[in-house]
Amino acid sequence: MGRFSGFKVTLRQMFKPRVTTHYPKVKREKPQRFHGRHVLNRYPDGMEKCIGCELCAGVCPARCIYVRGADNPPDAPVSPGERFGFVYEINMLRCIFCAMCVEACPTEAITMTHLFEMSVEDRDDAIYTKDELLVEADGTPNHGQPPSRLIDLEELKIADGWMRATAPAGRASYEGIPAWSPSAGVGLRPPEMGQSATDAATDEPGDDSPDEAPGHHDEEE
Ligand code: SF4
Ligand code: SF4
């Protein structure tokens, strides 16, 4: 009797859908707020968003960010601010992917992507420099020249460093409206679950005019 019960369990499991995939040939879609490797973003005009303020380094619980700011050259400014991130490094061996640096950044210069393949053969390579972190001119994450074998170029196209889906507060009435600036890469992302304007039940009644979004710039839409 006990033996046949065991077979029943085996047969039942055999016909259930598989939860495993043939990674790396098949990659599962990551949740929108997945914390992958960081990028340093640019504005759509190509200027760097980092102003070298070191807030990210100060808040990092793993102490794995090193930043040094410098004054922007007046005739060829790197960022729209007074200063820019002259040196920027993250030690990925120490990072715990908590995203506190993303929360702390006043200009949304540092964000996290969906890229997670970061195997290295040398410990020094795990320290990502500014050159590696800064996005390409089109806003996609830096992928090296020639492209690293660790990077799936198709995934890269949708993996820019913009984690925000619709609005900072996640209110459905802000769907499609960036509060600061759009991504230079894939642009606005679709709303997350419960943030779509069609899902009216999740939106708060009352004062929800998108025109009142803080820091909203019409010219950046
Ligand atoms: S994700 Fe967390 S641990 Fe990693 S660099 Fe940012 S603040 Fe530090
Ligand atoms: S990434 Fe953001 S928080 Fe860090 S130094 Fe640059 S502007 Fe400041």
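This is a predicted model, so every value here is computed, not measured. All residue numbers refer to positions in the sequence shown, counting from 1. Atoms within a ligand are numbered from 1 in the order they appear, just like the ligands themselves. Heavy-atom basis, side chains included; hydrogens, waters and symmetry copies ignored.
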*Hey, which protein N/O/S atoms does atom 4 (Fe) of ligand 1 have under 2.8 Å?*
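Protein N, O or S atoms closer than 2.8 Å to atom 4 (Fe) of ligand 1: Cys95 SG.
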*Applying side chain to side chain contact (heavy atoms under 4.5 Å, CB included) between His114 and each of Arg37, Lys27, Lys30, report the one that passes.*
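Only match with His114 under side chain to side chain contact (heavy atoms under 4.5 Å, CB included): Lys30.
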*Which of the atoms in ligand 2, numbered in the order shown and given with their element, are less than 4.0 Å from a heavy-atom of Pro106?*
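Listed by number with element, the hits are 3 (S).
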*Does Phe7 CZ have over 12 foreign heavy atoms under 6.0 Å away?*
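Not more than 12 within 6.0 Å, no.
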*Against heavy atoms of Pro61, which atoms of ligand 1 measure under 4.0 Å?*
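That gives atoms 7 (S) of ligand 1.
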*asked:* Within less than 2.8 Å, report the number of protein N/O/S atoms around atom 6 (Fe) of ligand 2.
replied: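 For atom 6 (Fe) of ligand 2, the figure is 1.
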Verify, without hydrogens or angle tests, whether [X] (side chain) and [Y] (backbone) share a donor-acceptor contact under 3.5 angstrom.
X: Asn72; Y: Gly81; answer: yes
X: Asn41; Y: Ala109; answer: yes
X: Glu132; Y: Thr129; answer: yes

_Taking Ile65 as the starting point, is it possible to reach Phe97 by hopping between hydrophobic residues whose side chains are less than 4.5 Å apart?_
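Same hydrophobic cluster.
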Using residues 85-92 as the side-chain source, report each donor-acceptor pair under 3.5 Å to any protein atom, sequence neighbours left out, with the distance given to one decimal.
residue: Asn91; atom: OD1; partner: Leu93; partner atom: N; Å: 3.0

*Establish, from distance only, whether the side-chain atoms of Asp138 and Thr140 form a donor-acceptor pair under 3.5 Å.*
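Yes, a side-chain donor-acceptor pair sits under 3.5 Å.
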*side chain to side chain donor-acceptor pair (under 3.5 Å) pairs, two or more places apart, involving residues 58-71*: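 Checked against side chain to side chain donor-acceptor pair (under 3.5 Å) - neighbours excluded - the pairs reaching residues 58-71 are Asp71-Arg83.
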_Between Lys130 and Glu48, does any side-chain N to carboxylate O distance fall below 4.0 Å?_
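Yes, this pair counts.
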